[in-house]
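Only one structure is covered here, and it is reproduced in the block below.
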Amino acid sequence: MLSHSWHSPAVRVTLSAALLAWYDRHRRRLPWRAERGAAADPYTVWLSEVMLQQTTVAAVGPRFESFRARWPSFAALAVADDAAVMSAWAGLGYYARARNMLACARAVAAEHGGVLPDTESALRQLPGVGDYTAAAIAAIAFGRRAAVVDGNVERVVSRLFAIGEPLPGARTAIKARVAELTPAERPGDYAQATMDLGAMICTPRRPACALCPVAEWCVARATGEQERYPVKPTKRERPRRYGTAYWLEDESRVLLVRRPATGLLGGMRALPTGPWEDAPPGLVGAPSDADWELLARRGVEHGFTHFHLTLALAQATGTSDMAGEWWPVGELGSAGLPTVFRRAAEAFVEELGVVE
DNA sequence: CAAACGTGGAG
DNA sequence: TCTCCAAGTTT
C-alpha cells in the first residue's frame, strides 16, 4: 500500500518537482527544443508540434530542420507555394497536417498580424491545432499553465493512478489529473518532462521503473501491473483493398496527377489510379484508352492506418486527356510522391528497365 | 462519437 | 511476418 495520499497538495508538488529535477538531468536534446532557461520561439514550437503529431521524433528530426530552413517564419510559410509545401511533406504521412499548416500560417498572417496567439483558446481555433497542440504551445512557447495530454502523458498518468477505464474515455480523468499536477512554474518544462519520461522510462512495453523518478507514487507499479495501463480499446481488423496504378510514359516522361484536396493522400502528387475496391478492379479508371499491359509482377503492398492496399501495376505509352503533369522519369525523386506511389514508381522503373 | 487519416521502426 | 504504436485532428 502506498504511503502517499493523492489528495495532498504537498504530494503533488513533490511529484512534480521530482519530475522536473529528473528532466533537468536527463531531458532529450532536440532540434526544436530551447536550451534550459530559454524559450523556443512560437513558430518553432508550433512547427515541431504539428510535425510530431502521431509521428516519431526520429522521423521528424531531419524533416524539421529542412522545413524550418526553407520556411523560417509564419510570414514565409504564409506565402509559400502549396505544391512546394506538399512535396516537402511527402513521406511524413497524415497529409492533412500540411494542408492545415498552410491554412494556419495564412490565418496567423491575415488575422493575427503574423503573431501566434498566446492563449490556449485562441490557439485552439487555428487549423490543425487541437486540444493537445493548443495546450502544448501555450505551455512551451508562452509559459502558460495548460494541461498537456499526449500519448506519453496518457500512459504515464494512467499508470500513476491505475486508471482502468479504456481510452479514449479515460482522457477526461487523465486531463483532470494533469491539470492538478501541472505546476505554475515551468509548465512547459513539466509537460516535456512527462513526455520525455513516457518516451524513455515509462515505455509501452517493459517500462524501466527502476530508473523512474516518480515510481514511489505510481499505483500501477505498487502492484506490478504497470503494463496493464493504459487500457486500450479493442481494435478492428484492417480490411484489404485493391487498386491499379497507371504508368503512362511519353518521351521519358510519366503522367502524374494531383489527388483531390481532401481524403486519403489529399492534395498530393500521385500516379493515376482507378477506384480502390474489395476485389481487383482491373483497368477501370485508366488515364487513356491505350493498350494497357498489367505487369505480371506482384502488385505493391502498402499498409495504411485503416486498411491494407494491394496495388496492381499497369503500363502503356502515349498521351492522355487527363489533367496532370508529365514528369521526367529520371527526376521522380523530386516529385514529392507519398510513399505508396514512390514505391509503385520504383517498381515500374525496375520492371520496365528505365535508365535515368 | 466512431472512423478516417500514413509511415517507418521496434520487438 | 506481423502487431504495435508515435508530441492527434477533423468530421
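First the proteins, then the strands, lettered A, B, ... as listed; each starts at 1.
- Using a 4.0 Å heavy-atom cutoff across all strands shown, A:T133 reaches sugar-phosphate atoms only and no base atom.
- Transitive grouping of hydrophobic side chains (ILVMFWY, heavy atoms separated by less than 4.5 Å) brings A:I163 and A:V148 into a common cluster.
- Relative to the six-membered ring of A:Y229, A:R159 misses at least one condition, a distance below 6.0 Å or an angle of at most 45° to the axis.
- If you take CE of A:M51 and P of C:dA7, they are 16 Å apart, rounded to a whole angstrom.
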*Chi angles and distances behind the side chain to side chain donor-acceptor pair (under 3.5 Å) call for A:Y132, A:Q53*: CA-CA 9 Å; A:Y132 161 76; A:Q53 288 167 5; over 6 Å; no
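- Rounded to whole angstrom, the span from the CG atom of A:L123 across to the P atom of C:dG8 amounts to 17 Å.
- In this structure, the nucleotide among B:dA4, C:dA6, C:dG8 sitting nearest to the side chain of A:R236 is B:dA4.
- The main-chain N or O of A:G93 is found under 3.5 Å from a side-chain atom of A:R97 such that the two form a donor-acceptor pair.
- Nucleic acid contact for A:W89: none, since no nucleic acid atom lies under 4.0 Å from a heavy atom of the residue.
- The gap from the C1' atom of B:dA3 to that of C:dA7 amounts to 22 Å, rounded to the nearest Å.
- When the C1' atom of C:dA6 is taken as reference, atom CD of A:E154 falls 12 Å away, rounded to whole Å.
- Going from atom CZ of A:R206 over to atom C1' of C:dC4 covers 17 Å, rounded to whole Å.
- Within 4.0 Å (heavy atoms only), A:L30 reaches at least one base atom of the nucleic acid.
- Note on A:P127: only backbone sugar-phosphate atoms sit closer than 4.0 angstrom, heavy atoms only; bases stay farther off.
- Separation of the P atoms belonging to B:dG8 and C:dT9 is 22 Å when rounded to the nearest angstrom.
- Although no hydrogens or angles enter the test, the distance criterion places no donor-acceptor pair under 3.5 Å between the side chain of A:R145 and the main chain of A:P187.
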*Would you give a per-nucleotide map of nucleotides 6-11 of chain B, 5' to 3', where B means the base has a protein non-hydrogen atom under 4.0 Å away, S means only the sugar-phosphate does, and - means neither?*
BBS---
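- A heavy-atom distance below 4.0 Å to DNA chain C is reached by none of the residues of residues 60-74 of chain A.
- A:V349 and A:W326 fall into different hydrophobic clusters, defined by Ile, Leu, Val, Met, Phe, Trp and Tyr side-chain heavy atoms under 4.5 Å apart, directly or through other members.
- Following rounding to the nearest Å, A:F307 (CZ) and B:dA2 (P) show an atom-to-atom distance of 22 Å.
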*Could you check A:F67 against A:L77 for side-chain contact (heavy atoms from CB on, under 4.5 Å), going step by step and ending with a plain yes or no?*
CA-CA 10 Å; A:F67 205 99; A:L77 189 55; 4.1 Å; yes
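- Taking atom NZ of residue A:K235 and atom C1' of nucleotide B:dA2, one finds them 17 Å apart after rounding to whole Å.
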*side-chain contact (heavy atoms from CB on, under 4.5 Å) between A:M86 and A:R99: does it pass, once the steps are laid out?*
CA-CA 8 Å; A:M86 299 312 286; A:R99 303 192 300 268; 3.8 Å; yes
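- For A:D131, taking side-chain heavy atoms from C-beta onward, the closest of the listed nucleotides C:dT9, C:dA6, C:dC4 is C:dT9.
- The base of C:dA6 is not paired with the side chain of A:R155 by any donor and acceptor separated by under 3.5 Å.
- A ring-centre distance under 6.0 Å is found for A:F304 and A:H302.
- Between A:H306 and B:dA3 there is no side-chain polar atom (N or O) within less than 4.0 angstrom of OP1 or OP2.
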*Quick one: do A:W276 and A:Y242 satisfy ring pair (Phe, Tyr, Trp, His ring centres under 6.0 Å)? Show the steps, please.*
CA-CA 5 Å; A:W276 296 359; A:Y242 299 84; over 10 Å; no
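- When the P atom of C:dT1 is taken as reference, atom CD of A:E301 falls 11 Å away, rounded to whole Å.
- Between the CG atom of A:L167 and the C1' atom of B:dA3 there is a distance of 17 Å, rounded to whole Å.
- Between A:L126 and A:S48, the residue anchored nearer the 5' end of DNA chain C, judged by the nucleotide with its closest heavy atom, is A:S48.
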